[in-house]
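Ligands are counted one by one from 1 in listed order, and the atoms in each one are counted from 1 as well. Quick caveat: nothing in here was measured; it's all calculated off a predicted structure. Along the sequence shown, residues are numbered consecutively beginning with 1. In what follows, every heavy atom counts, from backbone to side chain, and hydrogens, waters and symmetry copies are set aside.
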Amino acid sequence: MAKIYRIAVIGGDGTGPEVAREGLKVLGAASGRFHFKYKTVEYDIGAERYLESGEILPVSVLQELKTVDAIYLGAIGDPRVKPGILEKGILLRLRFELDQYINLRPVVLYDKRFCPLKDKSEKDIDFAVVRENTQGLYCGAGGFLKKDTVDEVAIQESINTHKGIERCIRYAFECARRRNRKKNVTLCGKTNVLTFAFDLWERVFYKIARDYPDIKTDYAHVDATCMWMVKNPDWFDVIVTDNMFGDIITDLGAIIQGGMGIAAGGNINPEGISMFEPIGGSAPKYTGKNVINPLAAICALSMMLDVLGEEQAASAVEASVKKVTREKLKSLAAGKMGYSTQEVGDLVAKYL
Ligand code: IPM
Ligand code: MG
């Protein structure tokens with residue numbers, strides 16, 4: 001009997017449910033065309049549930065999420081809730097609990113009209129950022145001393161384990177092999193200042209590189225990486241970096257590929273359960289207006305299909321997104337696309 005994928009859907013906050021709905025529309029169309037079966041289970045975690053009941057991520061939900069084939073997420077974050085509560089309590093907690101140690105963020109420009117960089121076109125912007133997703137500054141290690149006094153001290157530590165670095169770097173080399181483009185991995189770090197953390201990263205990087213003689217290596221400090229992403233994005237194929245730097249450079253990556261409307265990411269546990277999301281957030285001011293761009297969520301869906309093993313369906317969804325972007329949309333920004341959220345979802349489903 002053919003496998004039936006069990007997909008957990010967390011629409012979440014703000015425009016999250018609207019964009020997830022369009023992703024699921026495309027999933028439905030893809031399953032018809034590529035003959036795979038799936039079942040979705042929706043979870044109402046997010047700001048609404050927290051404000052009503054105080055529950056953030058109930059243990060029962062977490063237990064269920066540990067049994068599905070993949071998680072599809074809209075967005076987490078709400079202006080009514082203090083920053084950090086939902087982000088740490090839901091998004092980061094899931095990344096950690098499910099040991100999704102890779103945050104894979106492709107940076108691909110589908111249409112040069114939407115690139116803010118002068119004289120750059122589709123051939124210049126096509127790389128992937130492999131962001132470590134379970135350690136570094138995100139561990140929550142640290143604390144306050146003498147809180148709320150003028151002698152206050154705040155400490156936030158970056159945790160870097162050999163094992164955590166190694167599995168992330170290995171994934172990056174595999175990614176370069178699979179992409180089969182420039183066959184290059186750039187380590188993005190700060191070896192001139194963070195001489196403990198990135199010393200370890202660098203040693204592990206060159207150790208793993210020996211297992212991949214077909215892949216070239218390169219190193220750039222994080223500040224220089226930002227500069228090159230603007231000046232010569234064509235240099236990059238795969239960039240591997242830690243959690244914090246990866247967070248920062250992927251917002252830059254998102255904007256050079258056309259903005260938050262198109263940027264997607266996968267929180268991947270190659271041996272476990274992965275979670276896919278548009279990286280743009282909940283965009284509260286556009287909530288309920290049917291104007292938000294669902295393409296980032298649809299690209300996240302394509303990544304999900306790829307990781308589930310439905311490669312053909314994944315490529316077809318990506319091709320359809322590209323076609324809609326190039327042939328239909330006036331802009332990738334909310335409210336300026338020339339189509340509503342639902343219409344963009346319809347177009348992608350139609351072209352599939
Ligand atoms: C991201 C986001 C999150 C992060 C926030 C919302 C916690 O910025 O996915 O890039 O910092 O990882
Ligand atoms: Mg971010």
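- A cation-pi contact, defined as under 6.0 Å to the ring centre and within 45° of the axis, is absent between Arg21 and Tyr72.
- Note on ligand 1: Asp247 sits in its first shell, one or more heavy atoms being nearer than 4.0 Å.
- Of the N or O atoms in Tyr138, one or more lie within a sub-3.5 Å distance of an N or O in ligand 1.
- Minimum-distance N/O/S atom of Asp247 relative to the Mg ion (ligand 2): OD1.
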Practice problem: Would you please test Leu98 and Met275 for side-chain contact (heavy atoms from CB on, under 4.5 Å) and show each step? | Solution: CA-CA 9 Å; Leu98 299 173; Met275 174 168 75; 5.7 Å; no

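- In this structure, His221 and Tyr219 have perpendicular ring planes: the angle between them is above 60°, well past the 30° mark.
- Note on Lys3 versus Asp69: salt bridge recorded, some NZ/NE/NH1/NH2 to OD/OE distance being below 4.0 Å.
- Applying the 4.0 Å criterion to heavy atoms of Glu87 picks out, from ligand 1, the atoms 6 (C), 7 (C).
- Proximity to Arg105 (heavy-atom distance under 4.0 Å) selects the following atoms of ligand 1: 1 (C), 9 (O), 10 (O).
- The shortest heavy-atom distance from Met244 to ligand 1 is not under 4.0 Å.
- Counting the atoms of ligand 1 from 1 in the order shown, those under 4.0 Å from a heavy atom of Arg95 are 1 (C), 4 (C), 9 (O), 12 (O).
- The cationic atom of Lys322 (NZ for Lys, CZ for Arg) does not lie both less than 6.0 Å from the six-membered ring centre of Tyr110 and within 45° of the ring axis.
- Considering only non-hydrogen protein atoms, atom 5 (C) of ligand 1 sits nearest to Leu91 CD2, 4.3 Å.
- Under the 30°/60° scheme for interplanar angles, the aromatic rings of Phe236 and Phe127 are found to be tilted.
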